[in-house]
Amino acid sequence: MFNNTPLLGENVIFTGIQRSSEASDLVKRYGGNAVIAPMIATKEIVSLRDLDLLQSLNSYDWLIFTSQSSVKAFHSKMVKYQLDASFFTAKIAVVGTKTANAIENLGLSVDFTPSTFSADIFVREFPTVASLTDRCLFVKGNLAKDTITAGLQNDVNEWTIYETVELEENKELIKTLLMSEESCSIIFTSPSTAEFFHRSIGASFGYENITVCAIGHITKKFLESKKVSVQVMPDTYTLSDVIVKLAEWKGRVQ
């Protein structure tokens with residue numbers, strides 16, 4: 001077991017979007033310095049198709065959400081067109097507890113969550129609860145891979161509801177921290193954050209003096225494709241579990 005402050009003196013850099021302070025508070029509890037420096041932001045996509053898609057939702061058997069960002073954009077459209085939970089008859093499948101919580105906060109219920117918070121596990125386990133004849137609508141961002149659409153044998157339509165854009169404003173802060181003599185850990189929450197970091201910072205700075213943390217095996221796989229060693233990846237894919245795993249790892253190597 002590690003000591004009470006295994007992250008003492010550690011800059012823990014969050015490169016993704018944080019929707020709560022739970023993980024950063026945990027960093028502080030372990031003695032570290034939580035640096036909120038997202039490299040991405042999300043922006044709702046407004047389309048002429050929005051109203052038609054909303055009005056046709058009940059023609060689908062399942063709605064699929066894989067991120068809190070998709071739920072946030074979906075909620076925005078619900079508000080705009082004055083729809084509430086009583087309107088929906090389709091079942092809802094999600095990836096991840098935070099995504100599930102976001103859906104439930106809208107007054108909707110979650111009918112399926114895979115055992116591991118990942119799209120590839122989703123396509124493996126979804127057939128246990130859905131019929132092959134079930135129609136699905138995948139509510140997604142512009143950078144979502146085709147894992148779900150290509151992996152399911154169901155009729156899956158896509159609704160690209162938000163886009164991910166790269167933020168420039170935090171790059172200099174991250175570079176300054178990496179050039180300092182202070183110890184740094186970087187948390188990557190998705191392949192997109194890892195890709196943006198690698199392209200704009202990592203490829204030139206290197207990773208030798210950084211503790212690299214990945215929230216899941218897909219993000220880890222992307223980093224390893226760039227010859228980057230990942231020291232920390234939790235069994236459960238949440239930010240708080242990343243911090244717990246990081247604290248355990250730091251406690252062992254100190």
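Bear in mind that the values here come from a model prediction, so they are computed numbers and not experimental data.
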Side chain to side chain donor-acceptor pair (under 3.5 Å) for Asp146 and Thr149? Distances and angles first, verdict last. CA-CA 5 Å; Asp146 67 350; Thr149 307; over 6 Å; no

From CD (Glu163) to CG (Leu143), nearest 0.5 Å: 9.0 Å

Residue pair Glu125, Ser115: steps toward the side-chain contact (heavy atoms from CB on, under 4.5 Å) verdict: CA-CA 8 Å; Glu125 296 179 354; Ser115 59; 2.5 Å; yes

Please answer: with hydrophobic residues joined when any side-chain heavy atoms are less than 4.5 Å apart, are Ile201 and Phe196 in the same cluster? no

For Ala194 versus Thr219, what's the shortest heavy-atom pair and its separation? CB-CG2, 4.4 Å

Determine whether the aromatic ring centres of Phe88 and Phe74 lie less than 6.0 Å apart. yes

What's the verdict on side chain to side chain donor-acceptor pair (under 3.5 Å) for Lys140 and Ser70, showing C-alpha distance, side-chain angles and the deciding distance? CA-CA 6 Å; Lys140 58 185 277 293; Ser70 60; over 6 Å; no

Are Asn33 and Leu7 packed together at the side-chain level, in the sense that at least one heavy-atom pair is separated by less than 4.5 angstrom? no

Apply the test salt bridge (Lys or Arg N to Asp or Glu O under 4.0 Å) to residues Glu44 and Lys72: give CA-CA distance (whole Å), side-chain angles for both, the deciding distance (0.1 Å), then the verdict. CA-CA 9 Å; Glu44 180 187 348; Lys72 179 183 177 183; over 6 Å; no

Can you name the nearest heavy-atom pair linking Ala73 to Tyr162, along with the distance? CB-CB, 4.2 Å

Should we say atom CG of Asp235 is surrounded by more than 12 heavy atoms from elsewhere, each under 6.0 Å from it? no

To the nearest 0.5 Å, how far apart are CD1 in Ile215 and CG in Leu239? 4.5 Å

Nearest heavy-atom pair of Gln231 and Val212: which atoms, and what distance? OE1-N, 2.7 Å

List the steps and the verdict of side chain to side chain donor-acceptor pair (under 3.5 Å) for Ser118 and Thr116. CA-CA 6 Å; Ser118 169; Thr116 299; over 6 Å; no

Kindly write out the residues that satisfy side chain to side chain donor-acceptor pair (under 3.5 Å) with Lys175, not counting sequence neighbours, or none if the list is empty. none

Note: Leu167 and Pro38 closest approach over all heavy atoms is CD1-O, 3.5 Å

Criterion side chain to side chain donor-acceptor pair (under 3.5 Å) on Asn154 and Asp134, from CA distance to verdict: CA-CA 6 Å; Asn154 300 75; Asp134 285 351; 5.2 Å; no

Only one of Lys77, Gln55, Lys80 passes side-chain hydrogen bond (donor to acceptor under 3.5 Å, both in side chains) with Asp50, and that residue is Lys77

Measure the spacing between SG of Cys184 and CG of Asn11 and express it to the nearest 0.5 Å. 4.5 Å

If you group Ile, Leu, Val, Met, Phe, Trp and Tyr by side-chain heavy-atom gaps below 4.5 Å, do Ile218 and Ile121 land in one group? no

Same cluster for Leu53 and Leu57 if Ile/Leu/Val/Met/Phe/Trp/Tyr side chains link at under 4.5 Å? yes

Pairwise distance NE2(His75) to CG(Leu108) - rounded to 0.5 angstrom: 9.5 Å

Can you find a heavy atom in the side chain of Phe65 that is under 4.5 Å from one in the side chain of Phe138? no

Looking at every heavy atom in both Ala90 and Asn58, which two are closest together, and how far apart are they? N-OD1, 3.9 Å

Over 60° means perpendicular and under 30° means parallel, so classify the ring planes of His198 and Tyr207, tilted if in between. parallel

Using the rule given for side-chain contact (heavy atoms from CB on, under 4.5 Å), can you reason through Val12 versus Ile243, listing the C-alpha separation, both sets of side-chain angles and the distance that settles it, and then say yes or no? CA-CA 9 Å; Val12 180; Ile243 302 307; 4.1 Å; yes

Smallest separation among heavy atoms of Pro6 and Ala247, with atom names: CB-O, 3.5 Å

Give the cluster check for Val230 versus Met39: same hydrophobic cluster or not, with ILVMFWY residues linked at side-chain heavy-atom distances below 4.5 Å. yes

Can you tell if the side chain of Val165 reaches within under 4.5 Å of the side chain of Ile40, non-hydrogen atoms only? no

Test side-chain contact (heavy atoms from CB on, under 4.5 Å) on Leu63 and Trp159; report intermediate values, then the result. CA-CA 10 Å; Leu63 306 183; Trp159 184 7; over 6 Å; no

How about CG on Asn209, more than 12 heavy atoms from neighbouring residues, nucleotides or ligands closer than 6.0 Å, or not? no

Under the salt bridge (Lys or Arg N to Asp or Glu O under 4.0 Å) rule, what do Lys171 and Glu168 come out as? Steps first, then yes or no, please. CA-CA 6 Å; Lys171 289 180 183 177; Glu168 296 288 336; 3.1 Å; yes

Distance from Leu246 atom CG to Glu10 atom CD, nearest 0.5 Å? 6.5 Å

In this structure, is the centre-to-centre distance between the rings of Phe122 and Phe117 below 6.0 Å? no

When you measure from the side chain of Ser180 to the backbone of Glu182, do you find a donor-acceptor pair of N or O atoms at a distance under 3.5 Å? yes

Between the side chain of Asp111 and the main-chain N/O of Lys91, is any donor-acceptor distance below 3.5 Å? no

Are the side chains of Thr15 and Thr193 in contact, using a 4.5 Å heavy-atom criterion? yes

To the closest 0.5 Å, what do you measure between CD1 (Ile17) and OG (Ser190)? 8.5 Å

Does the pair Arg135 and Asp61 meet the rule for a salt bridge (Lys or Arg N to Asp or Glu O under 4.0 Å), with working shown? CA-CA 5 Å; Arg135 296 183 70 236; Asp61 299 289; over 6 Å; no

List the steps and the verdict of side-chain contact (heavy atoms from CB on, under 4.5 Å) for Gln18 and Ser24. CA-CA 9 Å; Gln18 261 202 326; Ser24 55; 3.9 Å; yes

Please work out which of the three classes, parallel, tilted or perpendicular, describes the rings of His217 and Tyr237, given edges at 30° and 60°. tilted

Flag for Tyr60-Asn157: side-chain donor and acceptor within less than 3.5 Å: yes

Examine the side chains of Thr238 and Lys98 and answer whether a donor and an acceptor come within less than 3.5 Å of each other. no

So Val244 and Glu248, do their side chains get closer than 4.5 Å, heavy atoms only? yes

Pairing of Lys226 and Glu195 as salt bridge, 4.0 angstrom limit: no

